[in-house]
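One structure below.
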Amino acid sequence: MSLKSLLKQNKCIRNLGKRFNIFRAFFHDEKDFAAQYMEAASNKGDYRYSILLLVHSLEKGMCMPNPRPFGFDKVKQLMSELNNLKENRSFEYQLGVSILSAWKTFFDEKDWDKVPVYQEVEKFLLDKESTLVAGSKVYKPLQRGIDNSFESIICSRHSVRDFQKRPIEKADLELPIRCFIETPTACNRQMCRLICVKDQKIKNVLDNIILGIHGFNIDTVQYFLVTYELAAFAYSGERQQGLFNAGLCTMNFVNALHVNGIGSCCLQWSNKYAEDLKVRKLLGLSESERIGVVIGAGYYLPENVVPCSVRRSAEEIFREI
């Protein structure tokens with residue numbers, strides 16, 4: 001028997017080796033993330049995703065129930081990045097021009113004072129046009145029982161942040177929970193759980209701690225948390241599987257909510273460690289259980305104002321090699 005085989009038979013040495021591999025894998029993840037994340041990319045002249053984030057932020061501002069003049073720093077940053085973007089026919093450039101035009105129109109419609117930034121945008125747009133339509137739109141949900149084809153369900157869903165003021169009925173959760181359960185998971189390990197928050201004290205904490213909650217009507221939203229178990233994963237190569245499986249379960253769940261006339265919006269759980277620990281203790285999670293996604297949900301209103309959220313074309317996202 002080789003020395004390597006002998007060492008593997010020793011539990012302590014095997015565990016030490018696995019821990020080293022886990023540390024090394026996360027070290028490379030950190031190195032890659034720090035070198036390639038949005039700010040690092042922008043510093044290297046890659047503004048694609050910074051532009052898309054700015055567009056979405058401005059679109060959300062147009063969806064607020066009682067908007068006030070907004071977005072001055074964001075439109076200035078967006079104009080700067082568009083000027084530095086080399087390809088002015090790209091999806092990002094076209095979308096950036098479109099949202100600036102929508103922002104200007106929004107100001108005109110509200111008859112707000114034409115501040116200097118407005119005039120800068122007006123000047124920027126003089127010789128520019130876009131084939132895309134960014135901004136906000138009125139969204140009417142899928143009518144229950146009218147068209148439940150797969151395509152209709154997937155393509156008609158839109159994230160919303162305001163809901164009817166009534167609790168979600170248990171009967172309307174049966175299908176979404178079933179779809180959550182039927183989600184494929186790594187080697188059928190079924191490491192994801194779904195928590196429905198009904199305790200008002202816990203909800204109050206979540207209202208104040210969840211990132212991205214701005215724009216929600218917190219009086220009508222009901223929270224669901226998707227968790228995953230670290231204990232389900234066998235080695236360093238599976239270090240991302242928890243969030244991946246949580247995402248799969250989440251999409252099955254929210255699409256089934258949509259079928260039952262329940263709107264939702266998914267929020268990544270990207271809080272600081274201390275906040276994460278506080279909520280995990282509050283929820284009574286085990287030491288190995290982690291929060292993957294928070295879902296805000298409730299029955300659809302007859303209509304909502306939502307971001308246009310323009311999608312890329314199939315040509316941009318699909319290729320054959």
Side-chain angles (χ1 to χ4, degrees), residues 139-150 152-185 188-210 212-213 215-229 232 242-243 245-269 279-286 288-304 306:
Y139 172 73
K140 295 182 179 181
L142 182 76
Q143 289 184 282
R144 296 179 70 172
I146 300 300
D147 183 3
N148 282 350
S149 67
F150 181 79
S152 177
I153 292 166
I154 299 300
C155 296
S156 66
R157 186 194 167 275
H158 202 295
S159 295
V160 296
R161 293 175 172 238
D162 195 6
F163 314 95
Q164 295 182 38
K165 194 168 186 178
R166 65 184 178 104
I168 298 174
E169 297 176 19
K170 194 169 184 179
D172 285 332
L173 289 176
E174 290 177 2
L175 174 65
I177 292 171
R178 181 65 177 166
C179 291
F180 186 101
I181 292 169
E182 291 295 330
T183 303
T185 55
N188 196 34
R189 276 171 274 181
Q190 304 178 62
M191 72 296 294
C192 296
R193 301 289 183 270
L194 183 65
I195 300 171
C196 173
V197 178
K198 288 195 170 183
D199 186 300
Q200 188 60 46
K201 290 182 181 179
I202 297 177
K203 183 182 181 300
N204 291 341
V205 172
L206 293 174
D207 286 340
N208 292 309
I209 209 169
I210 295 173
I213 199 68
F216 270 92
N217 184 341
I218 60 173
D219 293 329
T220 62
V221 65
Q222 184 165 332
Y223 294 124
F224 296 86
L225 288 90
V226 179
T227 68
Y228 60 93
E229 278 276 357
L243 290 172
N245 285 274
L248 292 175
C249 291
T250 297
M251 284 312 304
N252 265 12
F253 181 70
V254 298
N255 283 326
L257 288 177
H258 177 55
V259 170
N260 281 352
I262 300 168
S264 62
C265 184
C266 301
L267 298 163
Q268 61 177 322
W269 185 250
V279 174
R280 283 194 279 131
K281 287 182 176 179
L282 191 64
L283 296 172
L285 303 188
S286 69
S288 63
E289 196 170 5
R290 294 293 183 271
I291 300 168
V293 184
V294 178
I295 302 163
Y299 288 104
Y300 281 115
L301 294 170
E303 58 182 44
N304 285 86
V306 300

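The chain is numbered in sequence order, starting from 1.
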**OP:** Using the test ring-ring contact (aromatic ring centres under 6.0 Å, His included), find all partners of Y228 that sit at least two apart in sequence or belong to another chain.
**Re:** none

All side-chain contact (heavy atoms from CB on, under 4.5 Å) counterparts of [X], not counting sequence neighbours:
X    : result
C196 : K198, Q222, F224
Q268 : S270
D199 : K201, I202
L175 : C179, A256, V259, N260

Original post:
Heavy atoms, side chains only, cut-off 4.5 Å: are C249 and L194 in contact?
Top reply: no

Partner set under side chain to side chain donor-acceptor pair (under 3.5 Å) for [X], not counting sequence neighbours:
X    : answer
D219 : none
R193 : none
Y139 : none
D162 : N217

Output all residues satisfying salt bridge (Lys or Arg N to Asp or Glu O under 4.0 Å) with [X], sequence neighbours left out; order by chain, then residue number.
X    : result
E169 : R166
K165 : none
R280 : D276

Subject >> Positive for side chain to side chain contact (heavy atoms under 4.5 Å, CB included) with I195, one of T227, V294, I291 >> reply: T227

Subject >> Approximate separation, where rounding is to 0.5 Å, of S264 OG and L257 CG >> reply: 5.5 Å

Original post:
Quick one: CD1 on I295 to OG1 on T250, what's the gap to the nearest 0.5 Å?
Top reply: 4.5 Å

Can you name the nearest heavy-atom pair linking [X] to [Y], along with the distance?
X    : Y    : value
P184 : L248 : O-CD1, 3.5 Å
T185 : Q190 : OG1-N, 3.1 Å
V306 : S159 : CG1-O, 3.8 Å

Original post:
Sub-3.5 Å donor-acceptor pair from the side chain of R161 to the main-chain atoms of G215, do we have one?
Top reply: no

